[in-house]
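Let me begin by presenting the structure, written as structure tokens, before commenting on it.
Proteins come first, then strands; the chains are lettered A, B, ... in the order of their sequence lines, and each starts at number 1.
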2 protein chains.
Amino acid sequence: MKTSLEEMLAFVTVVDSGSISAAAEQLQQTASGVSRALSRLEEKLAVTLLRRTTRRLELTEEGEVFLARARRILDSVEEAEEQMALRRQVPVGRLRVNTA
Amino acid sequence: MKTSLEEMLAFVTVVDSGSISAAAEQLQQTASGVSRALSRLEEKLAVTLLRRTTRRLELTEEGEVFLARARRILDSVEEAEEQMALRRQVPVGRLRVNTA
DNA sequence: CTATATTACGACGGTCGTAAGAATT
DNA sequence: AATTCTTACGACCGTCGTAATATAG
């Protein structure tokens, strides 16, 4: 449980946007931050996820595998948060209304 | 995506162990830290997950709902990490062996 | 030469543990 | 009265942005 959601999000966003700098913009961060988040993730997993040059990004096999899982995890978190947000506004149980 | 895995883990551990102090021990933290992690999570979700007195813990309805999802998320992360660990040791593809 | 990625550095923010205080039984 | 939870206070660790450096095309 050493990996963080932020790091997973950085990874997924980099893949989706095609570059670290594009991901940075999308995440409202600097490229520096995204680059480090990615390195941190790889270090924690002890695996190379993305083979990168200054021009091209290429997913490794491990990256491919992890990507799918990371996506699902991020979606699940989003979903859980949204459900809480909903539950806040829509109290459960019967709704009793007195009509005139 | 504001919530963190650490906070979810704190929440789940508190529920499973029955108290904040027990969870703290299990997580190798202080009760103070776990208590704050829990409060942080509730604040971020803007929801009360656990109604707590000094003696009793009671899941709210929202807590119940979130608990199930948090468990699944934590398991998924664990799984993803383990898969990377495996893949590290067991390179994929054909294994060629020259026998004498 | 240009665009992108990484790294060193200093700064800042968030989380921690300790210790004191509050609350429940 | 005892146990547990919470909070205030410093301290610390991790992450950040900037700016400099490296590198691919």
Between [atom2] of [N] and [atom1] of [X], the distance in whole Å:
| X | N | atom1 | atom2 | value |
| --- | --- | --- | --- | --- |
| B:E25 | C:dG17 | CD | P | 14 Å |
| A:L27 | D:dT15 | CG | P | 16 Å |
| A:R56 | D:dG25 | CZ | P | 6 Å |
| B:I20 | D:dC5 | CD1 | P | 5 Å |
| B:E43 | C:dG14 | CD | P | 12 Å |
| A:E42 | C:dA5 | CD | C1' | 13 Å |
| A:L50 | C:dT6 | CG | P | 9 Å |
| B:L38 | D:dT7 | CG | P | 12 Å |

OP1, OP2 of [N] versus side-chain N and O of [X]: anything below 4.0 Å?
| X | N | result |
| --- | --- | --- |
| B:R40 | C:dC16 | yes |
| B:R52 | D:dT6 | yes |
| A:T54 | C:dT6 | no |

**OP:** Report the distance from atom CD of A:E25 to atom OG of A:S17, rounding to the nearest 0.5 Å.
**Re:**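 Taking CD in A:E25 and OG in A:S17, the distance rounds to 9.5 Å.
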Subject >> From CD (A:E43) to CG (A:L38), nearest 0.5 Å >> reply: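 Result: 12.0 Å between the selected atoms.
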**OP:** Using only heavy-atom distances, determine whether the side chains of A:S32 and A:R36 contain a donor-acceptor pair under 3.5 Å.
**Re:**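 Yes, a side-chain donor-acceptor pair sits under 3.5 Å.
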**OP:** State whether the distance check finds a donor on one side and an acceptor on the other, under 3.5 Å, for side chain B:R36 versus base C:dG17.
**Re:**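 Indeed there is one.
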To the side chain of [X], which of [options] is closest?
| X | options | result |
| --- | --- | --- |
| A:S35 | C:dT24, C:dT7, C:dT15 | C:dT7 |
| B:S19 | C:dT6, C:dT18, D:dC5 | D:dC5 |
| B:T53 | C:dT6, C:dT25, D:dT15 | C:dT25 |

Original post:
A:S32 near the nucleic acid: base, sugar-phosphate alone, or nothing, with a heavy-atom cut-off under 4.0 Å?
Top reply: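 Contact class for A:S32: base.
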**OP:** Using a heavy-atom cut-off of under 4.0 Å over every strand shown, decide if B:R55 touches base, sugar-phosphate, or nothing.
**Re:**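 Since a base atom lies under 4.0 Å of B:R55, the category is base.
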Original post:
Sub-3.5 Å donor-acceptor pair from the side chain of A:R55 to the main-chain atoms of A:T53, do we have one?
Top reply: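 Pair absent, no side-chain N/O of A:R55 close to backbone of A:T53.
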Original post:
Okay, side chain of B:E64, backbone of B:L59: is any donor-acceptor separation there less than 3.5 Å?
Top reply: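 Checking the backbone N and O of B:L59 against the side chain of B:E64, no donor-acceptor pair under 3.5 Å is found.
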Subject >> Residue whose closest nucleotide on DNA chain D lies nearer the 5' end, B:S39 versus A:G33 >> reply: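 Result: B:S39.
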